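Have a look at the structure below before the remarks.
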Amino acid sequence: MAELTQNPKAPAKVAVDLIKTPWALIVAILALVAILDPGNWTEVVTFAGKALAHTGQYILFAVLLLSYLKATGAEVMVARAFEGRETRMIFLAALFGGLAPFCSCEVIPFIAGLLALGAPLSAVMAFWLSSPLIDPPTLLITAGALGWPFAIGKAIAAVALGLFGGFAVRTLMRSGVFAEPLREYKPASCCGCGPKQDDKPVWKFWQEPERLQRFRSEFVHNGLFLLKWLALAYVLEALLVSYVPADLIARVVGGEGVVPIVIAALVGMPAYLNSYVAPPLLAGLTEQGMSAGAAMSFMVAGAVSSIPAMAAVWSLVKPRVFATYLALGITGAIISGIVFQMI
């Protein structure tokens, strides 16, 4: 209180910092919806709230795991597990990404943990690109709506996109492009708290007050960090689902050739469709004239490069990495559509 009295500019600075946070943007967006479309406000809030609540279990697990690794000192062992195995890690990340039941936003807590623990960006990018595209339930739903050839093609596209992105990033990293990929991200540890790099893990961390305090700090800090960005991502998703008509998309991406495939990728980028809604909708769009290649391009781009996913990616990495992620996602979507159309 004394500090605020001595420095009258402090409250103003706090207010400005608060305005710059994702929470302020969320409040502003919801306020605009309440003013411009009050009848849809409840639906937007409910959609975003349910999506965030569903993702909450992934956030809780990831934050608990990361806090435990930090408190015990096991993050040193995890980081060492990635040393000297980059090529193998890229392949495993791309394959595992196709089996993990995460959408583009749910994967963010795990990506944040991997990056914070020093995993190679190339392997992380492989997992990041492939994981939103396919998982066992989505595979069955896609097969039921669009047929097994489309479902298998999407699964292959997911792994191929992960490999493409992982090795592309590895090539760029060797030239020094991504020397420091993360944004400024300060762990919630006290000065002197936590294990040193050469310490052995202490699995029963709660027996040491300093490690217990580190666990609590990491849990609160990382939890709030991920919660605010995912909340914003799902509010944006709710707006897209509510205000982007499906028939407009059908009119834009109808027809044959490469051009509709490219347009489908560019339209699918912001027009988010989750993995359970997209197959039935695309089945209807293909009946209205959308080509199979455009449908594949649209689905891949929508999962990898949707606005909710991009908002989450933007919160973790620097602009250069974000631009690379976006370029890889769009390029991979277009290539997937062209190849699928040819086959």
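Just so you know, these numbers come straight off a predicted model, no measurement behind them. Nothing fancy with the numbering, it's 1 onward along the sequence.
The two atoms that bring A301 and A265 nearest to each other are CB-O, 3.3 Å, heavy atoms only. Residues A238 and V44 come closest through the heavy atom pair CB-O, 3.6 Å.
Note that CD1 of I156 is 9.5 Å distant from CZ of F340, once rounded to the nearest 0.5 Å. In this structure, CZ on F164 lies 5.5 Å from OG1 on T331, to the nearest 0.5 angstrom. How far CE of M125 is from CZ of R170: 14.5 Å, rounded to the nearest 0.5 Å. Going from atom CD1 of I261 over to atom OG of S297 covers 6.5 Å, rounded to the nearest 0.5 Å. Once rounded to the nearest 0.5 Å, the distance linking CZ of F219 with OH of Y68 reads 15.5 Å. Between the CG atom in L52 and the CZ atom in F47 there is a gap of 12.0 Å [rounded to 0.5 Å].
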For V33 and L239, what are the C-alpha separation, side-chain angles and deciding distance, and is it a side-chain contact (heavy atoms from CB on, under 4.5 Å)? CA-CA 9 Å; V33 173; L239 295 180; 3.7 Å; yes

For a side chain to side chain donor-acceptor pair (under 3.5 Å) check, start with the C-alpha distance between S67 and R214, then their side-chain angles and the critical distance, and finish with the verdict. CA-CA 8 Å; S67 301; R214 181 178 175 86; over 6 Å; no

Take V321 and Y325 through the side-chain contact (heavy atoms from CB on, under 4.5 Å) test and state the conclusion after the steps. CA-CA 6 Å; V321 180; Y325 169 87; 5.5 Å; no

So M299 and L146, side-chain contact (heavy atoms from CB on, under 4.5 Å) or not? Walk me through it. CA-CA 12 Å; M299 184 176 284; L146 296 166; 4.0 Å; yes

Show, in sequence, the C-alpha distance, side-chain angles and deciding distance for V159 and L133, and conclude whether the side-chain contact (heavy atoms from CB on, under 4.5 Å) test is met. CA-CA 9 Å; V159 177; L133 286 174; over 6 Å; no

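The cluster map of Ile, Leu, Val, Met, Phe, Trp and Tyr, joined by side-chain heavy atoms under 4.5 Å apart, puts F167 and L92 in different clusters. Neither V235 nor L36 shares a network with the other; the hydrophobic side chains, linked directly or stepwise wherever heavy atoms of I, L, V, M, F, W or Y lie under 4.5 Å apart, form separate groups for each. At a threshold of 4.5 Å between side-chain heavy atoms, the hydrophobic network of Ile, Leu, Val, Met, Phe, Trp and Tyr places Y243 and L25 in one connected group. In the hydrophobic cluster analysis, where Ile, Leu, Val, Met, Phe, Trp and Tyr join through side-chain heavy atoms closer than 4.5 angstrom, L224 is grouped apart from V27. F215 and W206 fall within the same hydrophobic cluster, defined by Ile, Leu, Val, Met, Phe, Trp and Tyr side-chain heavy atoms under 4.5 Å apart, directly or through other members.
Contact annotation: the side chain of I90 never approaches that of V169 to less than 4.5 Å [non-hydrogen atoms, C-beta and beyond]. Side-chain atoms of E208 and L212, non-hydrogen and from C-beta on, never get closer than 4.5 Å to each other. For the pair S130/L161, no side-chain contact is recorded, criterion being any heavy-atom separation below 4.5 Å from C-beta on.
In this structure, the side chain of W23 does not engage the main chain of K228 through any donor-acceptor pair within 3.5 Å.
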